[in-house]
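Notes for the one structure printed next.
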Amino acid sequence: MGLSMAQHEDIKQKINQGLTDRQIAKAVGRRRSTISEIRKGLFKFEDQQKLPDWMGLVTWDEVLKDIGLKHPMSLIWEESASKLTSYSNFTRYLHKKFPHLKIEEYTHRSFNPGERVEVDWAGDVVEWIDPKSGKINKSYIFVGCLGYSQLIFAKAFNSMKEIDFLSAHESMFNFYNGVPEVICPDNTKTAVIKANKYDPDLNEEYNRFTKHYGVTVAPARVYSPKDKALVEGAVKLVQRYFRWKNRKNTFTSLSAINKSLKEICEIINTKVHTRFKVSRREMFNLEEVKRLKPLPAIKYELCETKFCKVHPDGTICANLRFYSVPYLLVGESVFVKLYANTVEIYHKLEKVAVHPRLTKYPGEKSILSEHIPEASQAYKNTTVQFVIQQSMFIDPIFKEFIEGLLLESPSGNLRKAQGFVREARAVKGKVGTEVFRKILISSLSDLQRYNHVRVENFKKYLQQYLKENLEIPAGDQIKRGQDNPMLRKNQTLH
């Protein structure tokens, strides 16, 4: 039996891969002597057909490189051989020349219009550079594909967290302008808590979200990508087009990535499908759009959920921000729902705290007074009130100054206020009320004029004005006796 061109190329490829003659002979079912002749270049290929002339004009190394990068075959043909031969002729001779590139057969699945949508995250991470900071950020592409028309949706997000996962579903439903009966995700933790072939446990928030939209969740089985083969193919198609179209581009924002994805989805959806003979968009508009369930009138309020343990100080940490809970829950685990503007905290299905969501900086705290133990509240209130009360006994003007200081930050300026009270009390004990008020007004005026509201500066100004007010005029100096300088002139010894 003669050796075909495909077998000959296959043997040459295995030789280039470093396999031995024995291994190749066993794999292809040929004699080792034949393999040896091909290796030495002594084999005369009698059955070899004459290749078309156009094949010598194609840069096959570049073609194989693009195929290895998983670019769309039609685009590879368009750039490398569209002026030389047809697409069908190109793929036919490509597979003859490189038989290992043949596509595997598959079983076609059919779905009714509006019956099913499959969703998945793309494997490739798309990077974009912030032009201001130069920081390299990552984005993740969410892909959805309807079962009947196979209309494709794709959008990039900053993460694959629960809030972005739900937001991606919401954007997909808005893109389709309707909701299918069944949605098929994989077993990611944002969708499925515990996988099961028959009855998986869904993520609680994802379950509430899908019930709001009236869609049933049927996750793919574990290690069974064929259960969502449509979206697996859609992911590959989107990635190949995206890499090809943007192989020379550098993104500087997430919106730029989504703009490119929108254009690519439009190209794919409006292109004539090889099996349908019409485009995905036409199939969708003709049959599927009217079978989808309408979007709910009330928009679902997206939130991120997580379990947190209450710290010893009575707070929980969510997204690097701290929120207080009743102090009796210290050490307990609570369920947290992070909405766009509010944070709700639950313990055993009971709502125990509601806070405005903090977004200014990491480490920010929201502490409600009712969550603090009574003893701690009494300590804090008594300390602040005690300092204000002390300042009132010193002088009303000084009391106004201390109240303004504590109003700015009660806990941050408490010790500073105590220092001001201490220095003012020390000076007041040396002079009378009128002189002290004069010294106090001058010192406070200097603090505010130079914006040096610090205890050390206050002490310096007090001492300076105290010294000035204690200086005695030269005419009023005390005269001492000649005999005893320790006695005044008008004093006598008894």
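Note that this is a predicted model, so its numbers are computed, not measured. By convention here, the first residue in the shown sequence is residue 1. Hydrogens, waters and symmetry mates are skipped; everything else that's a heavy atom, side chains included, is used.
The distance from the CG atom of Asn207 to the CD1 atom of Ile193 is 10.5 Å, given to the nearest 0.5 Å. Note that CG of Asn469 is 11.0 Å distant from CD of Gln464, once rounded to the nearest 0.5 Å.
Taking 4.5 Å as the limit, every side-chain heavy atom of Phe111 sits out of range of all side-chain heavy atoms of Pro180. In this structure, the side chains of Met283 and Tyr148 come closer than 4.5 Å at one or more pairs of heavy atoms. At a threshold of 4.5 Å between non-hydrogen side-chain atoms, the residues Arg116 and Cys184 count as touching. Side-chain contact between Leu444 and Leu440: present, with at least one pair of heavy atoms (C-beta onward) separated by less than 4.5 Å. A heavy-atom distance below 4.5 Å is not found between the side chains of Val334 and Tyr346. Annotation: side chain of Lys365 is not in contact with side chain of Arg321 (no heavy-atom distance under 4.5 Å). Looking only at side-chain heavy atoms (C-beta outward), Asp395 and Arg437 come within less than 4.5 Å of each other. Side-chain contact between Glu344 and Phe335 is absent, with no heavy-atom pair separated by less than 4.5 Å.
With sequence neighbours left out, Ile163 forms a side-chain contact (heavy atoms from CB on, under 4.5 Å) with Leu302, Glu304.
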Problem set entry | ring-ring contact (aromatic ring centres under 6.0 Å, His included) evaluation trace for Phe157 with Tyr140 | CA-CA 5 Å; Phe157 293 86; Tyr140 305 85; over 10 Å; no

For this session: Could you please spell out the steps behind the side chain to side chain contact (heavy atoms under 4.5 Å, CB included) verdict for Val336 and Phe307?
Result: CA-CA 6 Å; Val336 184; Phe307 285 93; over 6 Å; no

For this session: Would you check, one step at a time, whether the test side chain to side chain donor-acceptor pair (under 3.5 Å) holds for Asn137 with Glu127?
Result: CA-CA 6 Å; Asn137 301 280; Glu127 295 182 344; over 6 Å; no

For this session: Could you walk me through whether Asp164 and Phe142 pass side chain to side chain contact (heavy atoms under 4.5 Å, CB included), step by step?
Result: CA-CA 9 Å; Asp164 287 323; Phe142 177 89; over 6 Å; no

For this session: I would like to know whether Asp446 and Tyr465 meet side chain to side chain donor-acceptor pair (under 3.5 Å); could you show each step before the answer?
Result: CA-CA 11 Å; Asp446 286 351; Tyr465 288 113; 2.6 Å; yes

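With no hydrogens or angles considered, no side-chain donor-acceptor pair links Thr188 and Asp186 at under 3.5 Å. In summary, the side chains of Ser149 and Glu288 do present a donor paired with an acceptor at a separation below 3.5 Å, with no hydrogens or angles considered. In this model, a donor atom of one side chain and an acceptor atom of the other lie less than 3.5 Å apart for Asn246 and Ser260.
At distances below 3.5 Å, not a single donor-acceptor pair connects side-chain atoms of His355 with backbone N or O atoms of Thr342. Counting only distance, with no hydrogens or angles, the side chain of Ser159 and the backbone of Lys161 share a donor-acceptor pair below 3.5 Å. His371 places no side-chain N or O within 3.5 Å of a backbone atom of Tyr327 that could act as its donor or acceptor partner.
Between Phe173 and Tyr213, the distance separating the two ring centers is shorter than 6.0 angstrom. Phe251 has its ring centre less than 6.0 Å from the ring centre of Phe242.
Between Lys236 and Glu232, no side-chain nitrogen of the basic residue sits less than 4.0 Å from a carboxylate oxygen of the acidic one, so the salt-bridge criterion is not met. Contact check on Arg221 versus Asp227 returns a salt bridge, with a Lys/Arg side-chain nitrogen under 4.0 Å from an Asp/Glu carboxylate oxygen. Ion pair Lys262/Glu266 not flagged as a salt bridge, since none of the NZ, NE, NH1 or NH2 atoms sits closer than 4.0 Å to an Asp/Glu carboxylate oxygen.
Surrounding OH of Tyr339 are more than 12 heavy atoms belonging to other residues, nucleotides or ligands, all under 6.0 Å away.
Residues in residues 166-182 take part in these side chain to side chain donor-acceptor pair (under 3.5 Å) pairs, two or more places apart or across chains: Lys155-Ser171, His169-Tyr206.
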